[in-house]
2 protein chains.
Amino acid sequence: MREAATVENRPYHHGDLRRALVDAARRILENEGPSALSLRAVAREAGVSPAAPYHHFKDKGELLEAVAFVGWDALGEAMTAAKERTPDLGARMTEIGVAYVQFSQAHPALYRVMYDCSRDKDELPEGLQDKEDSAYCQVRETFRAFAGPEVADVDIELATIAAWCAAHGLAEMNSFKQFDPLKQGLGGEEGFLRAVLSHLGMFPAARAKANGPG
Amino acid sequence: MREAATVENRPYHHGDLRRALVDAARRILENEGPSALSLRAVAREAGVSPAAPYHHFKDKGELLEAVAFVGWDALGEAMTAAKERTPDLGARMTEIGVAYVQFSQAHPALYRVMYDCSRDKDELPEGLQDKEDSAYCQVRETFRAFAGPEVADVDIELATIAAWCAAHGLAEMNSFKQFDPLKQGLGGEEGFLRAVLSHLGMFPAARAKANGPG
DNA sequence: AAGATCATCTTGACGCCGTTCAGATCGGTG
DNA sequence: CACCGATCTGAACGGCGTCAAGATGATCTT
């Protein structure tokens with residue numbers, strides 16, 4: 001009885017359960033939020049027993065890491081798109097930041113999982129910083145292009161970190177009710193994001209440049 | 001049998017269980033971290049049954065809110081102390097930010113509970129923004145004093161929000177391993193914090209001022 | 001083609017969790 | 001003193017993460 005091994009027409013061995021579990025987790029995150037994301041729920045959603053995931057992930061945390069990895073990939077693409085559609089170097093950082101926060105707003109539960117994983121391991125996800133075209137490197141190169149070659153490497157690095165911190169902070173606080181009145185006066189969410197982010201992430205040399213020689 | 005109602009010499013009615021539970025929760029947070037903070041563990045630590053907390057808190061979330069409230073209070077005091085020990089207006093914001101991040105570093109589990117509660121309710125804790133001497137108002141007044149009266153209210157507000165986002169972001173990312181090499185070149189943790197925060201939270205008018213007329 | 005091997009999946013169990021409810025206890029009010 | 005309402009206990013429920021033992025079937029060997 002090769003077919004119909006269970007009630008549905010699913011064979012005993014799934015074939016690609018690892019991917020199916022990650023997809024199921026993402027579906028639950030989008031539809032029911034992070035609090036509903038239990039390992040058992042993921043297994044249920046994927047149509048397997050509660051113990052099945054343990055043949056593909058060491059524990060729940062490792063499954064979440066796989067979900068987070070997909071998320072960082074998508075966020076990186078959104079940032080790249082923002083960079084490429086903004087040729088003006090002075091505006092590019094802000095636009096990348098807006099794309100960052102908008103991603104976190106479009107996928108709040110996923111973003112939460114992404115950062116919770118990073119916090120648990122006390123590091124940004126590997127691959128985000130190492131690869132040449134990684135999101136982190138793109139931000140750094142944007143600063144470098146704007147600042148010019150006379151700015152020290154350490155300042156470029158600091159500016160990148162500062163911008164990242166600011167974007168993350170805003171991503172987590174953007175939905176706070178206290179900001180609503182201010183948003184109305186700034187043309188809605190996007191105007192608010194642009195206004196806040198334009199205050200951030202510029203290092204001293206770039207500041208002087210932005211403010212002009214006078 | 002008024003005394004020795006249980007094995008210990010504790011009366012049947014605790015007397016101040018609400019406070020005892022909050023203290024127990026803080027003890028667990030400090031000693032075992034956020035993952036160990038179950039409602040049952042708190043009750044155990046306080047020496048009562050698992051159901052006892054429900055006479056003082058609607059659910060686990062409400063207990064955590066009480067813990068968070070204590071945390072925000074302590075953080076506010078740390079920020080006030082930093083403000084008062086830094087008369088120079090140009091350096092004051094950075095020093096308040098350093099105090100903020102250092103608090104989150106000294107009490108990481110507590111800080112996590114504080115922000116998780118805020119995120120669940122989509123608002124900064126009440127009382128943090130309303131009171132005249134609240135932490136938020138102190139930051140805003142610091143910006144106002146530095147910027148002078150000619151800067152628009154909305155810019156002061158944006159700068160305050162931007163600075164808060166940056167401090168929160170840095171608080172959550174400060175322990176990331178990737179920053180370690182950079183910290184070594186900047187005089188350790190505190191030098192790193194000061195360097196990053198000096199990049200942040202300044203609004204355009206203040207930037208111009210900071211960079212001088214030339 | 002037949003049998004052995006091994007990864008994959010299920011079943012059932014364990015202890016912990018948050019929460020609820022009926023009942024025990026006790027301080028304060030009439 | 002008798003009562004009442006607030007407080008606390010004990011037992012229970014379903015859900016959770018995880019593990020061990022056994023069932024299943026794809027693949028490799030001969």
Side-chain angles (χ1 to χ4, degrees), chain A residues 1-25 28-29 31-68 109 113 116-117 120, chain B residues 1-25 28-29 31-68 109 113 116-117 120:
Chain A
M1 203 194 276
R2 163 71 173 75
E3 299 174 11
T6 66
V7 181
E8 313 95 10
N9 202 24
R10 184 174 55 73
Y12 189 91
H13 289 89
H14 184 287
D16 198 6
L17 184 54
R18 190 193 152 93
R19 181 183 310 273
L21 288 169
V22 173
D23 287 347
I28 292 174
L29 274 181
N31 298 333
E32 308 175 55
S35 65
L37 190 69
S38 67
L39 228 182
R40 296 178 102 104
V42 173
R44 229 155 26 218
E45 172 80 19
V48 294
S49 81
Y54 284 88
H55 294 272
H56 300 270
F57 303 99
K58 169 174 134 285
D59 54 15
K60 183 185 179 183
E62 209 167 274
L63 167 58
L64 294 188
E65 278 180 36
V67 174
V113 169
D116 283 351
C117 284
D120 286 349
Chain B
M1 203 194 278
R2 163 71 173 77
E3 300 174 8
T6 66
V7 182
E8 314 94 6
N9 202 23
R10 185 176 53 75
Y12 189 91
H13 289 89
H14 184 286
D16 197 6
L17 183 56
R18 190 192 151 93
R19 181 183 309 271
L21 288 169
V22 173
D23 287 348
I28 292 174
L29 273 181
N31 298 333
E32 308 176 56
S35 65
L37 190 70
S38 66
L39 195 59
R40 295 178 103 104
V42 173
R44 228 152 31 215
E45 172 79 18
V48 295
S49 81
Y54 285 88
H55 293 271
H56 300 270
F57 303 98
K58 170 173 135 286
D59 55 15
K60 183 185 179 184
E62 208 167 273
L63 167 59
L64 294 188
E65 280 180 35
V67 173
V113 169
D116 282 352
C117 285
D120 287 347

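Chain letters run A, B, ... following the sequence lines, proteins first, then strands; residues in each count from 1.
- With sequence neighbours excluded, the residues forming a side chain to side chain contact (heavy atoms under 4.5 Å, CB included) with A:A51 are A:S49, listed by chain and number.
- Contact between the side-chain N/O atoms of B:H55 and the OP1/OP2 oxygens of D:dG5 is not found at any separation under 4.0 Å.
- Between A:F57 and the options A:L39, A:L64, A:V42, A:V22, a side chain to side chain contact (heavy atoms under 4.5 Å, CB included) holds for only A:V22.
- One atom, CZ of B:F57, and another, C1' of D:dA6, lie 16 Å apart when rounded to the nearest Å.
- Residues satisfying the side chain to side chain donor-acceptor pair (under 3.5 Å) test with A:R44, not counting sequence neighbours, are none.
- Residue pairs meeting the side chain to side chain donor-acceptor pair (under 3.5 Å) criterion with at least one partner in residues 53-64 of chain A, sequence neighbours excluded, do not occur; the list is empty.
- Listed by first residue number, the stems of DNA chain C with at least three Watson-Crick or G-U pairs below 3.5 Å are C:1-30 with D:1-30.
- Within the model, atoms CG of A:D23 and CD1 of A:I28 stand 11.5 Å from one another, a figure rounded to the nearest 0.5 Å.
- Checked against side chain to side chain donor-acceptor pair (under 3.5 Å), A:R40 has no partners two or more places apart in sequence or in another chain.
- Side-chain proximity of B:L39 to C:dC9, C:dT19, D:dG17: nearest is C:dT19.
- Heavy-atom distances under 4.0 Å link DNA chain C to no residue of residues 58-65 of chain A.
- B:L17 places its CG atom 15 Å from the C1' atom of C:dT25, with the value rounded to the nearest Å.
- When the C1' atom of D:dT7 is taken as reference, atom CG of B:L21 falls 12 Å away, rounded to whole Å.
- Taking the side chain to side chain donor-acceptor pair (under 3.5 Å) definition, one finds that A:D16 meets it with A:R19, sequence neighbours left out.
- Every salt bridge (Lys or Arg N to Asp or Glu O under 4.0 Å) that A:D116 has, sequence neighbours left out, goes to A:R119.
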If you restrict it to nitrogen or oxygen atoms, what contacts under 3.5 Å exist between nucleotides 13-16 of chain C and the protein, and what is each distance?
none

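- For A:D120, the salt bridge (Lys or Arg N to Asp or Glu O under 4.0 Å) partners two or more places apart in sequence, or in a different chain, are B:R112.
- Qualifying side chain to side chain donor-acceptor pair (under 3.5 Å) partners for B:E45, counting only residues two or more places apart in sequence or in other chains: B:R27.
- With the nearest nucleotide of DNA chain D identified for both A:A36 and A:A51, A:A36 has the one nearer the 5' end.
- At whole-Å resolution of the value, CZ in A:R19 and P in C:dT8 are 15 Å apart.
- Taking CG of A:L37 as the reference point, atom CG of A:L29 lies at 4.5 Å (rounded to 0.5 Å).
- Between D:dG17, C:dT8, D:dT9, one nucleotide has an atom nearer to the side chain of A:Y54 than all others, and that is D:dG17.
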